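This report concerns only the one structure given below.
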Amino acid sequence: MVTQVLTAMDTHLANGSVCGGGAVNGPSGSSSSSACSLLGASMGPGPSVQSSEDSKTNLIVNYLPQTMTQEEMRSLFGSIGEIESCKLIRDKITGQSLGYGFVNYVDPKDAEKAISTLNGLRLQTKTIKVSYARPSSASIRDANLYVSGLPKNMSQKELEQLFSQYGRIITSRILVDQVTGVSRGVGFIRFDKRIEAEEAIKGLNGQKPPGAAEPVTVKFANNPSQKTSQALLAQLYQSPIRRYPGPLHHQAQRFRLDNLLNMAYGVKRFSPLTIDSVTSLAGVTIPGHTGTGWCIFVYNLSPEADEGILWQMFGPFGAVTNVKVIRDFATNKCKGFGFVTMTNYDEAAMAIASLNGYRLGDRVLQVSFKTNKNHKA
DNA sequence: TTGGATT
């Protein structure tokens, strides 16, 4: 029934993506792709996961390419057999695909055939996952955990072993550095049931895994839609109409466009082309330069500083992709500094030239490209 | 007075 699918859809919408939007790439490919194959193994069709009352026609499709439309999805899955309904899940606000969807077949045999023929299919940079959708229910909502402080050498299998004592794991993942492929010590565990996730937090949060030097942090994962909201915010601040927005009029006085341009030319030392060619040389590092942009260190923020103030201060200078206020774990107050990542060198340099020495409240900010002083050779 | 990591 259509209603049944819609109910399932709503649940997943509220719940966030099961593993939607997950990059199935990375240099090693091992961690993320094994996420899928492991999942395939534990989620595949079979009596252990498909109880008799579950739907045998309704499938969940994960890791869809960002650009894939519902129509393309219908076309692909319709090639297997007659589809009762097909739904691509999109962000409520932006309409962007969340990278997963549902296909409900008329005939259970076609659902089975879709799993056997389309699961693992490579589409663009993604390897899609096709499996039976669990029935929608409140008990499976909010069962996703975020885990940090993992030993860098812990494998996904070991992560699952650690958590499996608390319940059935639906998905697991360890995030890896995009360049080196090394674990970031951060991962996700989705349990079948929320109560299992709660028990895992009670049992594992703040505990040291066997053989580990540091305790892990286990908490409920954020709703992925937050990231979309942040991206929206970034877009707002990057759009010309918002470049000098009303609330910033006091800063606009200081950062008038002609001044900005003068400063930009005053501090400009490299063309983007030069930067790119320099940073591509092995062993050469440019302060602030990261794979994703230019990282800026902001010092002397007040304990009350939040991300919003960083967006407000840096957004007018150009494309800001990320801001971060560093907070004390216990008090949640700002530790006095933060980071801002900007896409373009010129805009970052302009922001630094303009904001270094800027008085925010009763504090004088120090703003510079982030250095790597504690970097180990 | 240069982090933590949110698929």
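For the numbers below, each heavy atom of this structure counts, side chains included, while hydrogens, waters and symmetry mates do not. Note that the structure is a prediction, hence the values are computed from the model and not measured.
As judged by a 4.0 angstrom heavy-atom cut-off over every strand, Phe337(A) is placed among residues touching the sugar-phosphate backbone only.
For Lys219(A), counting side-chain heavy atoms from C-beta on, the closest listed nucleotide (dT6(B), dA5(B), dG3(B)) is dT6(B). Closest to the side chain of Phe188(A), out of dT7(B), dA5(B), dT1(B), is dT7(B). With dT7(B), dT6(B), dT1(B) as the choices, the nucleotide that has an atom nearest any side-chain atom of Tyr299(A) turns out to be dT1(B). Listed nucleotides: dG3(B), dT2(B), dT7(B). Nearest to the side chain of Phe297(A): dT2(B). Among the nucleotides dA5(B), dT6(B), dT2(B), the one closest to any side-chain atom of Phe339(A) is dT2(B).
Rounded to whole Å, atom C1' of dG4(B) lies 10 Å from atom NZ of Lys335(A). The interatomic distance linking Lys324(A) (NZ) with dA5(B) (P) rounds to 5 Å, in whole Å. In this structure, CD1 of Ile326(A) is placed 8 Å from P of dA5(B), rounded to the nearest angstrom. For Lys370(A) and dT1(B), the NZ to P distance is 15 Å, given to the nearest whole Å. Following rounding to the nearest Å, Arg173(A) (CZ) and dA5(B) (C1') show an atom-to-atom distance of 14 Å. Look at CG on Leu365(A): it is 16 Å from P on dT1(B), rounded to the nearest Å. In this structure, Glu307(A) atom CD and dG3(B) atom P are separated by 16 Å, rounded to whole Å. Atom P of nucleotide dA5(B) and atom CD1 of Ile174(A) are separated by 16 Å, given to the nearest angstrom.
There is no side-chain donor-acceptor pair under 3.5 Å between Glu84(A) and Thr57(A).
The ring-ring contact (aromatic ring centres under 6.0 Å, His included) analysis of residues 179-203 of chain A, with sequence neighbours excluded, yields the pairs Tyr146(A)-Phe188(A).
Contact annotation: Arg184(A) reaches the phosphate of dT6(B) (side-chain N/O to OP1 or OP2, under 4.0 Å). Here Tyr146(A) reaches the OP1 or OP2 of dA5(B): one of its side-chain N or O atoms lies under 4.0 Å away.
Here the closest non-hydrogen pair linking Gln66(A) and Gln96(A) is OE1-CB, 4.1 Å.
Taking a 6.0 Å sphere around CD1 of Ile195(A), one finds it holds 12 or fewer heavy atoms contributed by other residues, nucleotides or ligands.
Checked against salt bridge (charged side-chain N to carboxylate O under 4.0 Å, His left out), Glu82(A) has no partners two or more places apart in sequence or in another chain.
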